[in-house]
Every structure is written in C-alpha cells, then in structure tokens.
2 protein chains.
Amino acid sequence: MWYVTTDATDAFLADCRARLAFDLLSNTWNAVVLWALRDGPRRPVELRERIGGISSKVLTETLRRLQFNGLVDRQLHPDAPSRVEYRLTALGRTFLGPIDAVGAWAFEHGDEVMAAQEAAGTADPLSPPPTR
Amino acid sequence: MWYVTTDATDAFLADCRARLAFDLLSNTWNAVVLWALRDGPRRPVELRERIGGISSKVLTETLRRLQFNGLVDRQLHPDAPSRVEYRLTALGRTFLGPIDAVGAWAFEHGDEVMAAQEAAGTADPLSPPPTR
DNA sequence: CAGGATCCCCCAAGATACTG
DNA sequence: CAGTATCTTGGGGGATCCTG
C-alpha cells in the first residue's frame, strides 16, 4: 500500500488514489464481510454463520482492517458486557455501491469467465496458452 | 479460488458467484492493467510506462492471468514478428464498469479513508485500537 | 523488446489451542 | 462467545540475470 499522491497527468494508473480502493478489495474477505454487514449491525458469531468458511481468527483480522480504514465500527453491546457488535460506518455504507457493481457483474458474466478458464486448456493460469 | 456454485439461499456471501469477481480484483495489478487497456490495444512496453512501478515479469504474469480468465486477448502484431499486443476482450470490456465504480469511489472518499487511518493511532492495521 | 528462469521475502490465511 | 497466541504454508510480487 503506497498511498502517495502523484501529480500524474494520467489520473488512474500510477495515481494511487485508485489503488487505495483496489487495496480494500485485495483481501479475500473484506468485501464479503462488508456485504454481510449490509443490513445492520451483526455480532461475530452471526457473521461467521452468515458467511461460512471463515475462521474466527481471520474474521477478527478482517474486521480490524476494515475498522482501521474507517469502514466498520466496533461497539460493545449496551447491556451485556462481552457482547460485541460490528456495523458499517457512513463511509463503509458508501462502499456498498462499488461492491454491488462487482457482485452484479459476477452474476451476469460469471459463466463466461468459467467458460474461458476451461477453454484455456491448462489448469495453471500462468503457463502460456498451449496451442496457438 | 473455489468456484463452487452453492444453492445458498443467501445469494451473496457463501455464494461463490460473487467471489469469482472479487478474486479478479484480489491481485495488485489486475484492475490497473485492465484499466490501462481501456482505450485500445497496447504493447507491453507501453503498458509498463503507462502504469509505472510494475516489473516486466509481474506484468506478464498479470496478463497471463487475465488472459486465462478471458478478459484479455494476446495478439502477435500483423507485420513485425516479435511485436505483441494485448487488448481487452468483449468480456473484459464489460468489467470496466465495476472497476470504474471502485475507482470513482476512491476519488470521492479517499480522503476519508486516509483520515481514518491516521486517526487510528497505530501504524498496524491489525493491532486493536489503542484507547477506547 | 518479449518473457522465461531463479531466488527471496513477506504476509494473508488456515489450523489448533488457549484465555477471559 | 470474543479474542489472542503460535506455527505453518502457499503464492503474489519484487529483483536480477539471461535468451530469442
């Protein structure tokens, strides 16, 4: 993460402004967790069962990172002592838009991607295309 | 990457359909390279100087992966023998939308994120918030 | 110039076990 | 149940050198 602001004339590439957001999506779970918080505060247990396949440790790490970036807020439950809730901040909520755009794209074009993968002929994404 | 299709009632979280797109953004350079190909075919050298900060090796790897997923197409230049060009496929072009959404968000809310980072009081995103 | 081959490092992410 | 502490690993990504 190198959030240097450049004076690049080409405003999108070397410009780290955009990187900042891409980095937020560069974690396996960030987007998923944000999405899981979509409609209201959730406790860690709830999140884990909603999401599925994420360990307690990794969930905590993810939440910490989101918190660090101001997208998520951690609150101790009013009454109970060791009840915890996480919720989106106002900033976090604005990020749902882009996430949705990405998710929606997956639903529309997921098939094509998978088709391309199979058509590739290799299991390894890095090996140069076989024939042709 | 576990592109399993689930029968999840909750269509967004455990459902790997969305993951498929998120994974495409989970690389440091995928989005940047796609964006750099935005307005037409480009040769590797051009890409490198346009982007800045990406090594030849990593660029190749990135392009391979994008090619593998059907987002990018590799073509030998018509006349010259060892001239190469990469271009977006039709599928790849459809992905510019979501990418743009993410990039645009960065320009709008990047300040807030950086402010949050500084307000965090720690340099380490994973350490629990100091006071409070 | 394109891009393969090596070597190295770092860290996200998983598994497991333990505390308040 | 929330969270930390360890240990391990896979692979992305950087640097460097080498070839057609």
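A note on names: the letters A, B, ... follow the listed sequences, proteins ahead of strands, and every chain is numbered from 1.
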Mind calculating the distance between CG (A:L59) and C1' (C:dA12) to the nearest angstrom? 15 Å

Spacing between A:I54 atom CD1 and C:dG14 atom P, to the nearest angstrom: 7 Å

Phosphate OP1/OP2 of C:dA12 contacted by A:R64 side-chain N/O (<4.0 Å): no

B:N27, nearest nucleotide to its side chain (from D:dG13, C:dC1, D:dC1): D:dG13

Interatomic distance, B:I51 CD1 vs D:dG13 P [rounded to whole Å]: 12 Å

Give a yes/no answer on whether the side chain of B:R83 brings an N or O atom under 4.0 Å of OP1 or OP2 in D:dG20. no

Please determine whether any donor N or O and acceptor N or O are separated by less than 3.5 Å between the side chain of B:K57 and the base of D:dG14. yes

Side chain of A:R65 only, heavy atoms from C-beta on: which candidate in D:dA2, C:dA13, C:dC1 is closest? C:dA13

side-chain hydrogen bond (donor to acceptor under 3.5 Å, both in side chains) between B:Q67 and B:D73, intermediate numbers included: CA-CA 6 Å; B:Q67 196 181 352; B:D73 195 19; 5.4 Å; no

Interatomic distance, A:E61 CD vs C:dC10 P [rounded to whole Å]: 18 Å

For residues A:F95 and A:Y86: do they belong to one hydrophobic cluster (side chain heavy atoms under 4.5 Å, members Ile, Leu, Val, Met, Phe, Trp, Tyr)? yes

Given atom CD of A:E85 and atom C1' of D:dC1, what is their separation to the nearest angstrom? 14 Å

Apply side chain to side chain contact (heavy atoms under 4.5 Å, CB included) to the pair B:L76 and B:R83, showing each step before the final yes or no. CA-CA 6 Å; B:L76 300 164; B:R83 253 173 102 101; over 6 Å; no

What is the distance, to the nearest angstrom, from the CG atom on A:L76 to the C1' atom on D:dC1? 14 Å

Please name all residues satisfying side chain to side chain donor-acceptor pair (under 3.5 Å) with A:T94, sequence neighbours left out, ordered by chain then number. B:W105

Which residues pass the side chain to side chain donor-acceptor pair (under 3.5 Å) test with A:R93, sequence neighbours left out? none

Does a nitrogen or oxygen in the side chain of A:R43 sit under 4.0 Å from OP1 or OP2 of D:dA2? yes

Want to settle it: does B:Y86 or A:S26 sit nearer the 5' end of DNA chain C, counting the closest nucleotide to each? B:Y86

Can you identify which nucleotide, out of C:dG14, D:dG12, D:dA2, has its nearest atom closest to the A:W29 side chain? C:dG14

